[in-house]
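Only heavy atoms go into these numbers, but all of them, side chains included; no hydrogens, no water, no symmetry mates. We name chains A, B, ... by the order of the sequence lines, and we start the count at 1 in each one.
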Amino acid sequence: MEALREGMRQAMQQDERVFVIGEDIGVYGGAFGVTAGLIDEFGPKRIIDTPISEAGIAGAVIGAAITGMRPIGEIQFSDFVVISMEQLVMQGAKMRFMFGGKADVPFVMRLAGGSGTGAAAQHSESLENWFVHVPGLKVVMPSSPYDAKGLLLAAIQDNNPIMFFEHKLLYKTKGPVPEEMYTIPLGQSHVVREGKDLTLIATSIMVSRAQQAAEQLAEEGIEIEIIDPRTLKPLDEKPIVDSVIKTGKALIVHEAVKTGGFGGELAAVIMESEAFAYLDAPVRRLAGLDMPIPYNRNLEYHAVPQVENIVEEARKLVKGQY
Amino acid sequence: MEALREGMRQAMQQDERVFVIGEDIGVYGGAFGVTAGLIDEFGPKRIIDTPISEAGIAGAVIGAAITGMRPIGEIQFSDFVVISMEQLVMQGAKMRFMFGGKADVPFVMRLAGGSGTGAAAQHSESLENWFVHVPGLKVVMPSSPYDAKGLLLAAIQDNNPIMFFEHKLLYKTKGPVPEEMYTIPLGQSHVVREGKDLTLIATSIMVSRAQQAAEQLAEEGIEIEIIDPRTLKPLDEKPIVDSVIKTGKALIVHEAVKTGGFGGELAAVIMESEAFAYLDAPVRRLAGLDMPIPYNRNLEYHAVPQVENIVEEARKLVKGQY
Amino acid sequence: MAGNSKNEKLIGGILPESKARDLLYKMVLTRTFEENAEEMYALGKVHGTMHLSIGQEAIAAGSSPALKKSDYLLNTHRGHGHFLMWGGDLNRMMAEFMGKEAGYCRGRGGSMHIADVESNNLGAQGIVAGNLPISVGVGLSIQMRKTDQVVLTLFGDGASNEGAFHESLNMAAIWDLPVIYLCENNQYAMSMAFERAFRIEQVSERAAAYGMVGLTIDGNDVIAVYKAVSEAAERARKGNGPTLIEAVTYRWRGHSKSDRQLYRTREEVKEWMEKDPIQRFAKVLGVNEAQMKEIQAQAKEDIRKAVEFAEASPEPDVSTILEGIYA
Amino acid sequence: MAGNSKNEKLIGGILPESKARDLLYKMVLTRTFEENAEEMYALGKVHGTMHLSIGQEAIAAGSSPALKKSDYLLNTHRGHGHFLMWGGDLNRMMAEFMGKEAGYCRGRGGSMHIADVESNNLGAQGIVAGNLPISVGVGLSIQMRKTDQVVLTLFGDGASNEGAFHESLNMAAIWDLPVIYLCENNQYAMSMAFERAFRIEQVSERAAAYGMVGLTIDGNDVIAVYKAVSEAAERARKGNGPTLIEAVTYRWRGHSKSDRQLYRTREEVKEWMEKDPIQRFAKVLGVNEAQMKEIQAQAKEDIRKAVEFAEASPEPDVSTILEGIYA
Ligand SMILES: Cc1ncc(C[n+]2csc(CCOP(=O)(O)OP(=O)(O)O)c2C)c(N)n1
Ligand SMILES: Cc1ncc(C[n+]2csc(CCOP(=O)(O)OP(=O)(O)O)c2C)c(N)n1
Ligand SMILES: [Mg+2]
Ligand SMILES: [Mg+2]
């Protein structure tokens, strides 16, 4: 959270074309406090509170971007992006192409996604694969404070429209974050942990759950390699393919609903690569159940992958019990 | 087209809870003429022209469905569903679950999708996988007049919210269609052609292109088995898995953009099944290029799979040249 | 709900006294429910978030009770009061709130999605303005089924800046749908003050954009709300179409649990607390302080029992997790 | 565009005569372009669909020409006239229409997406009302960059029933954005007659819902449009916010190529054809029939040359298909 705020602050200090717009991001500081205090430094002309108008917010960001600004939009809960779809998909994503490659639409849309806070079915979605499926958009999904700041700054500097998916549960994560400005290039997968027995590709909050799982499995002598794509599109395939060639096995873990999700894309990419010949087990997906997120805490917990599920899936896959 | 109209007519004759609502579906007969003449038979109270308000259309359909009607909505071009996303995804799809399984939301939303008419980037989308990714919705995609009528009638009788994707180019297709009412159960894949060398899974307009490709390849002695899932969700996996076990090879063909599309889902499903052990080549996807649909006729043609692309991909896969 | 045959005193010339007393009790019950909810949240007995309507109880008290059992309700995220006034059972409501199997939604929905389709309560809403397009469909369905039902659809000042508001009101207007649009203008949408989000004085001015009847009333006055909703219902039942009612009120508590309330002054809140709709209605009914104490004690006791009921109810079994998605 | 220093006669007290003559020419050129487009479509030389503005040319003639070169345009699907009036080059426009590499969008956009970002023409629109939210962003950007630019954003009567209309106008109003909302009310949205889609008499009545200035003008009168847009621009440049202008006109042709026009009578169309904005403006300018013939001949010749140019231009090379998606 502080990492994201710091990133936005520095970008705004450095470049006066950068501004932030969304619901309750000013004095309120954002529903999760991410923008807290920014209005004191930059004022209400650059930290802009909007009416509840998500199509309008998207339009504001697109129109400003195409006329020389570098806006950062905020969708309070990523679920509400359903109201911005027309603007993001039909306008923001396509303008450059429709206009013959002659327009730049450099914006970043930040969205708080994910379950785990008891917010139920309309406040817990993980919709990233919708946007992976939209040519023209880039999709970023950080899993640590360090990545969050570096990727956000890279996204702000990028000349394309970018969907930046944050996970609510990660806002409280602690981790080392350099004070100075730095960027992590978009389109670079990150090998989070090395191992020889299984390649585990995880996104967002599932990266830390995978790390915990890997530690438990290490005690059993199973060595998991964890890769975080960080940018879902454009996807940096090579580290993933290289890893699968090494381990011969792949497990994909994401929170979004399995059917129609990003895991299928990843599975196909692996299969279509040279890694296919090295696979000695099917690539498997561990993902959210095909259901809306329930309110009940216990059901909510079981609706998406947890550490113990990852341990179990990974173990089965390594031991050939699938 | 006539098959769909006939299906709607018979459903409306049989059940007075059925009605149709959308833009210009009355006197105009719909942008593609699908509803032409229905208003003469059923009047403007059951063939309802709306203002240009796609969120309103979706809401109309959902509200009517949850209070005992069986509405058929029409989104004039499937692209415009971007404006209905909130209603369809956050309301229609989730109501039953959020309300503890105590609500029925039986509607069919018809959408005209696909490229090939020179309508460019905002009138040519294939967005079905977005909805495959939404628990609570069923997704249907017919590829022939016979299937269109049978699946539409099954959809109208189903108690769930259903996204029914039609392809503009298929409106002119001819094919045998029984006059009487009949249904094709949702969730049944169809083996369109039998063959031993390759399993080709195709949807919508790609089914007929695949058939043409298969005929050409038959002359070379290559026997393609073609399967049309017809219902993308719930997916009937068994015929697909059985076929791949038989052929050892699978090619997935759809018009939608490849990245993040339904092909990834299918590829993963095949890999996760017992067919994995029988695969002697990677499952491959042939799909739309990762780009918006261009206006220029020639570019538009090359942006999505055509018969010759299918022939080439299938041949390479069968001959092990991938 | 509406209708009373006894030759009873009519409060404000419209509301039978016994019914009025029942409403007063339910207003107190609503507030007690929400105060208790705050406590339970603090104790970790409920999770997620919640939106309290403390200070706004008069709108709920005056609206559903003006309708018939056969009518429909579409509620908002700030809808505990409406749920009770519609006739919701306190025990099953509490169980839902605590995520239990005995809850209205089997613990799947929670406060933001609580519904009771059996009684035509079509649910609360997590998406601001998400219920507004649905109202169109319910209205159409009533028209097609040729019943005399109406839909009561609730939303806040903030919701009326969503595009969904616009499409819904226009469609209801052109088709004369039997929809009562009741806007609870509590002057804030989360931190966004009304004056910052609108260039007009009243939400009801927007009715004219659809050729619809619009009016603004005192949302802290049960009788005013009851009258306005009764008239709107009559209009709707006669086939004369929808009405936009703006009921002006104030939210005493923060928007939800994450609110530090930096966007308004303590004085402003205090001022409005002096306009307490419960005290006001009690005065109208001639209920004195001692009687009020009794009522409050009764409400507390009912809440205590509901908590007891809910706590005794089992958690949903994990093996049932996939139930209720498809019909 | 706007501004004229010579001591020239001002038509209607506002429009310099030489400029007016140029506008008349461009009106004729627009119509000729569209008549030619119909022919080309019939001959299979262009594909897809097209939306003709024949009969509505006065709105384009009176609007962009009232603005400065540095201002912004957001156009609609029925925007050939606006494109030309904004200063679009006929040859490159024709090339785009025919999907050629020399077109404004390298043949990727076509009639529905033609744009020229270099000249602040931010494109036509395939999504009804899709440009309206974008106007908010352009307006904000102008405000932040502290220039005196304005945005001219076009849409139809039908578009003003989309939720996007509502969100956009409200945001522009509360922030005093320099946006000119120009509604071309041609009385139909495809087959939907205005009276069926609205319960009000005029789209401009909706301005009041946002505390915005709204007015309805004769959309077949170039001078009336020019005046209204000039005044709206002045208001916007002074920081006094947006304006909603409704220009009433009529579409002579079908909505697009699939239209059998069963929703209106021949008589109605004929009546409106008698109100031809081109003839009317010619009269105002004292242009006689012979002169008109010359103008038409000139337009035809220009169109012929443009077709020649476009036909000579190559098709986009398939090897470049993936160009222009990402920056
Ligand atoms: C589409 C959407 N946008 C934003 C939110 C977050 N949110 C929930 S309630 C709320 C404020 C709503 O204001 P108003 O309509 O006035 O109702 P109130 O909370 O004041 O009762 C916001 C912004 C949401 N739930 N849905
Ligand atoms: C969101 C959306 N809905 C529907 C359409 C199909 N459509 C194209 S133009 C049109 C009519 C538009 O009417 P209006 O806004 O009055 O403009 P006009 O065509 O009359 O100039 C329709 C329904 C569309 N392009 N986009
Ligand atoms: Mg409010
Ligand atoms: Mg029109």
Report the residues that fulfil side-chain contact (heavy atoms from CB on, under 4.5 Å) with A310(C), sequence neighbours left out, ordered by chain and then residue number.
M94(C), A95(C), M98(C)
Quick one: which of V318(C), I321(C), V46(C), I127(C) has the most heavy-atom pairs under 4.5 Å with chain A, could you say?
I321(C)
Using distance alone, with no hydrogens and no angle check, list the donor-acceptor pairs under 3.5 Å between chain C and chain A.
{"unit_1": "G44(C)", "atom_1": "O", "unit_2": "R297(A)", "atom_2": "NH2", "d": "3.4"}
{"unit_1": "H47(C)", "atom_1": "NE2", "unit_2": "Y295(A)", "atom_2": "O", "d": "2.9"}
{"unit_1": "F97(C)", "atom_1": "O", "unit_2": "Y295(A)", "atom_2": "OH", "d": "2.7"}
{"unit_1": "G99(C)", "atom_1": "O", "unit_2": "N296(A)", "atom_2": "ND2", "d": "2.7"}
{"unit_1": "G107(C)", "atom_1": "O", "unit_2": "N296(A)", "atom_2": "N", "d": "3.0"}
{"unit_1": "R108(C)", "atom_1": "O", "unit_2": "Y295(A)", "atom_2": "N", "d": "3.0"}
{"unit_1": "Q125(C)", "atom_1": "OE1", "unit_2": "Q122(A)", "atom_2": "NE2", "d": "3.4"}
{"unit_1": "G126(C)", "atom_1": "N", "unit_2": "Q122(A)", "atom_2": "OE1", "d": "2.7"}
{"unit_1": "I127(C)", "atom_1": "N", "unit_2": "Q122(A)", "atom_2": "OE1", "d": "3.2"}
{"unit_1": "N161(C)", "atom_1": "O", "unit_2": "S53(A)", "atom_2": "OG", "d": "2.9"}
{"unit_1": "S191(C)", "atom_1": "N", "unit_2": "D24(A)", "atom_2": "OD1", "d": "2.9"}
{"unit_1": "S191(C)", "atom_1": "OG", "unit_2": "D24(A)", "atom_2": "OD1", "d": "2.6"}
{"unit_1": "R196(C)", "atom_1": "NH1", "unit_2": "D49(A)", "atom_2": "OD2", "d": "3.4"}
{"unit_1": "R196(C)", "atom_1": "NH2", "unit_2": "D49(A)", "atom_2": "OD2", "d": "3.1"}
{"unit_1": "S258(C)", "atom_1": "OG", "unit_2": "Y28(A)", "atom_2": "OH", "d": "2.9"}
{"unit_1": "D259(C)", "atom_1": "N", "unit_2": "Y28(A)", "atom_2": "OH", "d": "3.4"}
{"unit_1": "E315(C)", "atom_1": "OE1", "unit_2": "N296(A)", "atom_2": "ND2", "d": "2.8"}

Side chain, backbone, both or neither: which part of M112(C) has an atom under 4.5 Å from a heavy atom of chain A?
side chain
Need one label for L289(A): side chain, backbone, both or neither, based on atoms under 4.5 Å from any heavy atom in chain C.
side chain
Name the option with the most non-hydrogen atom pairs under 4.5 Å to chain C; the candidates are I52(A), I83(A), V27(A).
I52(A)
Could you tell me which of A189(C), G110(C), C105(C) has the largest number of non-hydrogen atom pairs under 4.5 Å with chain A?
G110(C)
